[in-house]
Amino acid sequence: MSYPFSQIEPKWQAFWQKNKTFRTPDQPDSGRQKFYALDMFPYPSGAGLHVGHPEGYTATDIICRYKRMKGFNVLHPMGWDAFGLPAEQYAIETGTHPRETTQRNIDRFRAQLQAIGFSYDWDREIATTDEDYYRWTQWIFLKLYEKGLAYQAEVPVNWCPALGTVLANEEVVDGKSERGGHPVIRKPMRQWMLRITAYAERLLADLELVDWPDSIKEMQRNWIGRSEGAEVTFAVRGSDAKVVVFTTRPDTLYGATYMVLSPEHALIEQLTAPEQRSAVKAYQEAAARKSDLERTELQKEKTGIFIGAYAINPVNGEDIPIWIADYVLAGYGTGAIMAVPAHDERDGAFAQTFNLPVRVVVQPTDGSDPVGFVGDGIAVNSPLIDGLSTPDAKKKITAWLEAEGLGVARVNYKLRDWLFSRQRYWGEPFPVIFVDGEPKPLSPDQLPVRLPEVSSYKPSGTGESPLATIPEWLNTTDPATGKPALRETNTMPQWAGSCWYYLRFIDPKNPGAPVDPAKEKYWMPVDLYVGGAEHAVLHLLYSRFWHKVLFDCGIVSTKEPFQRLVNQGMILGEDNQKMSKSRGNVVNPDDVIREYGADSLRLYEMFMGPLEAVKPWSMRGVEGVFRFLNRAYRLMCDEETGALLPAVGGDATSEQLRALHQMLMKVGDDIEGLRFNTAISAMMEFTNEAQKWTQRPHAAMDAFVLALSPFAPHLAEELWEKLGHSNSLAYEPWPKYDPARLVSDTMEIPVQVNGKLRGKVIVPVGTAQEAILAAAQGEASVQAQLSGKSIRKVIYVPGRLLNLVVT
RNA sequence: GCCGGAGUGGCGGAAUGGCAGACGCGCUGGACUCAAAAUCCAGUAUCCUCAAAGAUGUGUGGGUUCAAGUCCCACCUCCGGCACCA
């Protein structure tokens, strides 16, 4: 027999819904402290919820329920990142409109989430696919355009023939599409780009302002990839062309024995000697055909070709040969490098392959081999800077270059501009038309630009989106001039909608603005943002970027959107492997709820281990917490009849109060520290203790139920009702622990001899060191260790431990 | 290769430099039962022992300290991320 969770849970879910228990008022209450807890909203896939979703959601739900009891005004919303490829793929296969599929999946997700008892304010639900939502996504795009942060460019993009679309760099993993694992090649196409690089410095610097895991901050720093160096201008022998290179080691300029241009470099055409022309062309074509995979994975052997021209080293006037090689990337720096084979691994490997000269210009201070030395040392063979340390040499040579007009100090970033268009149907249309071939943004009152109905969702295959195949939509007129115009047929990537959803939750129905300024000021920033580490760079970088643009537009009041970030760890299958359909180790939360109830699901998700840790699922473990909830129920209720037990009542003894307040202290502290696993174990200890009591004081049971309520809210509400309360406990004050109740009249002091535990003494609280020492010496096991030896030193940590150092 | 994180019983895990293994799972024994399930009670790191006592023990090797899972140095393994960014 177990407690009737299958009756209790739907009962309280209906109650919360009917009474709008978790409705957050529309008008901010500036008299109360706010708490904004946000979950990374899910993509509503056809597979439904898996047990990974409720992990983070349960954590934030516990915090929110706790904060409400602490008197905070809590914002805890949920919505749907509902644009995306799978619904469109399904549409291509079946002809079902992505809107239908998406709606069905959202309904399923919502039902599943509600069955877990999360305290979301469902009146704030949004989906990125709602017209009322994406009109503001488009509106923000217009802001970006206005500020010159959105532009079109003909860029080599990652073209995936199988998906019929281009992909962002981050959607390409090892030269294959992240979704589906299809091969990806490079192809130049006209694309919308967002100038995220203009914000690189702020995106880097403002990481200091947020309370995020170091690992995530570090990943973002690496992604941004700031490096300081210099641009150096090289003249070319027999030409008036100049080649500019970027280097972080201007101090090694004397060691530059050749130069390398990327195969896409603009000056190749002009500089190549006639006799090298055909060979260079062949190399360029071969490089263009290579996918990213081939360029990186098959990099063991460096390739390249001499173009038959010479650059002049500005420091010594030497001629150095100009090569092209695909180990130099077109998209970074100037797409050209000076090669210093003695002090750069890649240049060294290249020089070895092609037998190019190596010249040492940095001497390591520890006497190790200077060839291949890439660290800081002392400049040698470099007349302008000989004897200087690397940092000083960099400064001096850069200053010299600047004075001579041959170079300039320069900061470069690995971060590239964000490729922002997709050749897809199921995404936000761009609020842009083309008049006489020129792009023209629509005015805000033209929004939203709605997705048209189509009969086929297939990409055109030429790289254009299905929207290009609908003439009635494609052809329009410029509202300003009445001239014929064409619509932009690309759509935005899935990241767009998730870049600002946290703002819309604050004011989800505002018809006149993305968010009301007063409400934004009250609720922002997000106090706690919980989600998976897979969004460490992309989503979190993109939304920080948009947020900063909105900050510059005066639309938001904080520099950063997410004050505190926590990544929940992945939940593995029982076999310790990543859950996947093919392994057959996927756990469905619906099954867990059916068998053990939502409260057990919530509790187990939190009891498995630390929130951030990767940990395997165990159905036995679910049974364990289920047994705990049964014990908690039986503490107060007759399992057969459900009636409150006569044992509930009476005055609390001091031991009972100590057990209670110990638990309350631990649970409160642990919730604040997001240590839910140990909070639960403290409640388990309490029930283990309390079930021995013949009298279970009513007030103690009240307090226990309140402490349990953020974790197992359905059971807690039910017990709260049984205990005679008529209102929901959701806004009851959190039970405070009383430090005075924690004290005992005796204490147990472990006794060590030479650091090893030899015994324990129990003495009254406050006993002085001398008395404890005497008691310890009276212990047989301690005595045995002391016989024949003398005590050199006594260490007493008050109330904690006694250590005797003897020889 | 570089950057993060982690290594503790049979398993998940717990420990402000101060009793290693809380809590849960599993297992063993007992109570209840005609029996089983459920529930309750006791035990459960390893070695040696009837037991007590003792010895050993937090990836490996050193070090600091009265005292180290915790701090320092070197290394090994696993996980995550990045990876020709000049």
Side-chain angles (χ1 to χ4, degrees), chain A residues 1-2 174 213-219 221-223 225-227 229 245-249 252 260 262 295-297 299-300 302 325-340 343-347 349-350 374 412-416 533-534 536-537 567 569-570 572 574 576 603-604 607-610 612-625 627-628 630-631 634 639 666 675 677-685 688 691-692 748-760 780-781 784 792-797 799-806:
Chain A
M1 180 91 189
S2 60
D174 292 336
D214 286 338
S215 59
I216 302 288
K217 288 192 186 185
E218 202 52 34
M219 281 163 76
R221 285 189 197 107
N222 291 340
W223 192 265
R226 182 184 200 276
S227 61
V245 302
F246 174 72
T247 177
T248 56
R249 293 298 299 269
T252 60
V260 187
S262 69
R295 276 204 180 190
T296 55
E297 291 280 302
Q299 49 148 309
K300 298 146 218 161
K302 292 263 187 291
D326 65 3
Y327 84 91
V328 173
L329 307 176
Y332 182 77
T334 61
I337 61 156
M338 61 179 214
V340 184
H343 306 294
D344 181 282
E345 278 180 39
R346 298 149 302 187
D347 297 345
F350 190 84
V374 297
N412 254 315
Y413 302 91
K414 279 201 266 183
L415 184 69
R416 309 295 161 84
E534 66 273 20
V537 179
N567 292 122
M570 202 183 0
L572 306 175
E574 301 227 29
N576 245 303
L603 216 57
Y604 178 66
F607 187 64
M608 294 171 81
E612 299 89 340
V614 177
K615 43 213 179 279
W617 188 267
S618 157
M619 276 301 177
R620 299 266 200 200
V622 182
E623 282 176 43
V625 296
R627 284 202 276 263
F628 159 66
N630 276 291
R631 277 199 294 276
R634 285 198 307 269
E639 210 173 32
K666 181 103 176 104
R675 294 181 299 270
N677 54 333
T678 50
I680 293 166
S681 76
M683 291 189 286
M684 288 172 165
E685 284 180 276
N688 290 346
Q691 70 181 355
K692 296 177 198 154
E748 188 187 65
I749 303 292
V751 181
Q752 296 182 341
V753 178
N754 287 340
K756 292 198 176 183
L757 183 71
R758 296 300 179 184
K760 292 173 185 181
S781 53
R792 295 285 172 205
K793 198 171 173 186
V794 176
I795 291 139
Y796 177 57
V797 185
R800 303 277 304 176
L801 165 139
L802 182 72
N803 188 12
L804 307 176
V805 184
V806 304

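The sequence lines fix the lettering, A, B, ..., with proteins before strands; numbering per chain opens at 1. Computed over heavy atoms, backbone and side chain alike; hydrogens, waters and symmetry mates excluded.
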Interatomic distance, [X] [atom1] vs [N] [atom2] [rounded to whole Å]:
X        : N     : atom1 : atom2 : value
A/Leu572 : B/C78 : CG    : C1'   : 13 Å
A/Arg416 : B/A83 : CZ    : P     : 10 Å
A/Asn754 : B/A68 : CG    : C1'   : 16 Å
A/Glu345 : B/A83 : CD    : C1'   : 12 Å
A/Arg800 : B/A15 : CZ    : C1'   : 10 Å
A/Met684 : B/G24 : CE    : C1'   : 6 Å
A/Lys302 : B/C84 : NZ    : C1'   : 5 Å
A/Met219 : B/C82 : CE    : P     : 6 Å

If you look at every strand shown and take non-hydrogen atoms under 4.0 Å, does [X] touch a base, only sugar-phosphate, or nothing?
X        : answer
A/Ser618 : nothing
A/Arg631 : sugar-phosphate
A/Arg675 : nothing
A/Ser781 : nothing
A/Pro610 : sugar-phosphate
A/Val340 : nothing
A/Asn688 : sugar-phosphate
A/Glu612 : nothing
A/Val805 : sugar-phosphate

Is it the case that the base of B/C19 and the side chain of A/Lys760 share a donor-acceptor contact (distance under 3.5 Å, atom types as modelled)?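 Such a pair is found, so the answer is yes.
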
request  = Using modelled atom types only, decide if a donor and an acceptor are shared between the side chain of A/Arg758 and the backbone of A/Ala784 within a distance under 3.5 Å.
outcome  =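 Such a contact is absent between A/Arg758 side chain and A/Ala784 backbone.
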
Backbone of A/Pro616 reached by a side-chain donor or acceptor of A/Asn576 within 3.5 Å:
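Looks like no, no N/O pair under 3.5 Å.
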
CD/A/Glu345: more than 12 non-hydrogen atoms of other groups inside 6.0 Å:
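Counting neighbours around CD of A/Glu345, 12 or fewer heavy atoms of other residues, nucleotides or ligands fall under 6.0 Å, so no.
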
Find out whether A/Phe246 and A/Ser227 are in side-chain contact, i.e. whether some heavy atom of one side chain is under 4.5 Å from a heavy atom of the other.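 A side-chain contact under 4.5 Å exists here.
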
Do A/Glu623 and A/Tyr604 have side chains that approach each other closer than 4.5 Å (heavy atoms only, starting at C-beta)?
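Heavy-atom side-chain distance check fails, nothing below 4.5 Å.
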
Under a 3.5 Å limit for both distances, which nucleotide forms a Watson-Crick or G-U wobble pair with [N], could you say?
N     : result
B/U33 : none
B/C66 : B/G18
B/G12 : B/C23
B/A42 : B/U28
B/G57 : none
B/U49 : none
B/C2  : B/G81

Any side-chain N or O of [X] under 4.0 Å from OP1/OP2 of [N]?
X        : N     : result
A/Gln752 : B/G18 : no
A/Asn677 : B/A14 : yes
A/Arg627 : B/G26 : yes
A/Ser227 : B/A86 : yes
A/Lys217 : B/G81 : no

**Item:** Sole candidate of A/Val753, A/Val794, A/Val797 that passes side-chain contact (heavy atoms from CB on, under 4.5 Å) when paired with A/Leu802
**Value:**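 Only match with A/Leu802 under side-chain contact (heavy atoms from CB on, under 4.5 Å): A/Val794.
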
Checklist entry - So which nucleotide from B/G4, B/C3, B/C41 ends up closest to the side chain of A/Ser215? => result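 For the A/Ser215 side chain, the nearest candidate turns out to be B/G4.
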
